[in-house]
Amino acid sequence: MTPLAKRRIANFKANRRGYYALWVFLALFGTSLFAELLANDKPIVLYLNETLYWPVFELVTETELGGELPIEADYTDPFVQALITDDDGWAVYPPIRYSHDTIDLYIESAAPAAPSAQHWLGTDDGAKDTLARLIYGFRLSVSFGLFLTLFSSVIGVTVGALQGYFGGLVDLIGQRIVEIWAGLPILLVLIILASIIEPSVYWLLGILTMFSWMSLVGVVRAEFLRARNFDYVRAARSLGVSDGIIIVRHVLPNAMVATLTFMPFILSGAVTTLTALDFLGFGLPAGSPSLGELMAQGKANLHAPWLGLTGFFTLAVMLCLLIFVGEAVRDAFDPRRSTQDLAGP
């Protein structure tokens with residue numbers, strides 16, 4: 001590891017707020033990756049008739065458990081539960097015995113139900129467990145934001161690098177295209193496309209990627225315009241090094257400093273965009289667990305404040321963590337900052 005990389009890591013750790021925020025965010029997101037083991041209406045492991053089943057990972061029919069229907073067993077059904085217990089079987093369930101799409105048919109009050117021992121954060125107006133949908137929605141929103149950040153960054157860095165390195169007519173035409181493309185009303189385009197194409201996660205990811213790559217173009221373009229006339233770039237050209245190798249090996253590492261600084265902020269913007277689209281009804285397919293859908297549930301059910309408060313605090317905590325991490329990354333790459341400055345008195 002180079003001394004410069006060691007200094008940047010030390011500066012990042014010295015910003016305690018951002019450093020701990022990164023670990024908290026990774027812990028929350030890492031936990032949500034195992035959502036099927038935390039919130040599910042299927043047992044993790046099931047033992048019956050001297051046979052071990054893994055319903056979370058495999059399809060187990062009701063006939064295999066001694067029932068009559070050759071379909072997947074509904075473990076919320078008292079009949080299926082009786083099949084397991086009557087034959088001296090046992091099952092290990094997740095801590096939350098509801099999935100994001102599980103409808104509680106045996107709820108004791110009208111939906112949306114208030115928080116209770118059965119539903120820790122209550123239910124929505126479809127009698128679905130709020131905590132289960134929160135776990136799945138958090139994973140979906142963050143994963144969507146990560147992929148959107150990755151794809152848009154690759155396109156933005158590529159366009160900015162080509163404009164800044166070659167300059168001239170390439171830069172002039174590229175800037176006009178970027179300005180025209182950035183002026184398109186993305187919400188209007190999404191509304192029109194939503195009426196033509198059935199929305200899906202991949203469709204929405206592709207559409208948002210088309211309109212999200214401009215944020216890094218200006219930063220990368222400026223770095224390449226500044227570095228393309230440096231002595232080491234001229235020396236590489238005089239030695240016959242191709243433009244592609246110069247861009248990737250010599251100039252791009254310098255431009256990546258600003259790119260990495262913007263990454264956490266782009267991620268927070270991507271999650272916010274998805275949440276807003278879901279809230280307005282132009283995002284993921286109906287029924288998908290998402291933070292925007294949870295906020296819409298809170299707006300539609302003002303008499304159930306736990307829905308709106310759950311969505312609000314989840315978004316607030318997540319965005320604060322991402323902003324803190326972004327500030328720490330920015331300080332880590334700032335050559336004017338020292339470890340003592342970040343640590344404070």
Side-chain angles (χ1 to χ4, degrees), residues 29 139-194 196-197 199-228 233 242-278 282-284 290 292 319 322-323 325-326 329-330 333:
F29 180 59
R139 181 180 67 177
L140 178 61
S141 298
V142 175
S143 301
F144 186 92
L146 288 172
F147 280 108
L148 179 59
T149 301
L150 174 63
F151 295 151
S152 59
S153 298
V154 170
I155 298 175
V157 169
T158 302
V159 174
L162 294 177
Q163 287 185 220
Y165 181 80
F166 292 104
L169 189 60
V170 174
D171 186 29
L172 181 63
I173 297 176
Q175 277 299 99
R176 300 296 81 77
I177 294 176
V178 170
E179 291 170 0
I180 295 173
W181 197 254
L184 295 177
I186 178 174
L187 182 59
L188 181 59
V189 173
L190 285 171
I191 293 174
I192 295 173
L193 292 177
I196 301 175
I197 306 173
S200 65
V201 176
Y202 303 104
W203 172 84
L204 188 60
L205 180 62
I207 294 297
L208 289 180
T209 301
M210 292 173 57
F211 292 93
S212 302
W213 55 269
M214 285 86 70
S215 58
L216 286 176
V217 172
V219 177
V220 177
R221 170 178 172 269
E223 290 290 334
F224 271 79
L225 284 173
R226 182 176 63 89
R228 67 173 184 163
V233 175
S242 64
D243 292 331
I245 295 178
I246 295 176
I247 292 175
V248 174
R249 291 187 181 180
H250 301 289
V251 186
L252 185 59
N254 295 327
M256 288 303 295
V257 172
T259 302
L260 293 175
T261 303
F262 274 91
M263 282 286 187
F265 301 102
I266 297 175
L267 175 58
S268 63
V271 174
T272 305
T273 301
L274 177 64
T275 303
L277 291 174
D278 283 337
F282 301 112
L284 299 173
S290 68
L319 294 179
L322 290 175
I323 294 301
V325 173
V329 173
R330 180 192 61 196
F333 284 96

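In this structure, the separation between CG on Asp243 and CD1 on Ile247 is 6.0 Å, given to the nearest 0.5 Å. Note that OG of Ser141 and CG of Leu284 are 7.5 Å apart. Values are rounded to the nearest 0.5 Å. To the nearest 0.5 Å, atom CD1 of residue Ile266 and atom OG1 of residue Thr261 are 10.5 Å apart. Between the CD1 atom in Ile207 and the CE atom in Met210 there is a gap of 5.0 Å [rounded to 0.5 Å]. Note: Arg330 CZ to Ile323 CD1 = 9.5 Å, rounded to the nearest 0.5 Å. Here the straight-line distance linking atom CG of Leu267 with atom CZ of Phe147 works out to 12.0 Å at 0.5 Å rounding.
In Phe262, the CZ atom is not crowded: 12 or fewer heavy atoms of neighbouring residues, nucleotides or ligands sit closer than 6.0 Å.
Between Ile246 and Val251, some side-chain heavy-atom pair lies under the 4.5 Å cut-off. The shortest side-chain heavy-atom distance between Met263 and Val329 does not fall under the 4.5 Å cut-off.
Here Arg139 pairs with Glu36 under the salt bridge (charged side-chain N to carboxylate O under 4.0 Å, His left out) rule; sequence neighbours left out. For Phe265, there are no ring-ring contact (aromatic ring centres under 6.0 Å, His included) partners two or more places apart in sequence or in a different chain.
Residue Val233 comes nearest to Ala227 through the heavy atom pair CG2-O, 3.2 Å, listed as atom of the first residue, atom of the second, then distance. Considering every non-hydrogen atom in both Val271 and Gly145, the closest pair reads CG2-CA, 4.3 Å. Of all heavy-atom pairs between Gly160 and Val220, the closest is C-CG1, 3.8 Å. Scanning all heavy atoms of the two residues, the minimum distance from Ala270 to Leu148 falls at CB-CD2, 3.5 Å. Of all the heavy atoms in Thr272 and Ser268, the pair that sits closest is OG1-O, 2.8 Å. Across all non-hydrogen atoms, the minimal contact from Asp278 to Ser290 is OD2-OG, 3.0 Å.
Among residues at least two apart or in separate chains, side chain to side chain donor-acceptor pair (under 3.5 Å) pairs with a member in residues 203-222 are Asp171-Arg221.
Using cut-offs of 30° and 60° on the angle between ring planes, the pair Phe224 and Tyr165 is perpendicular.
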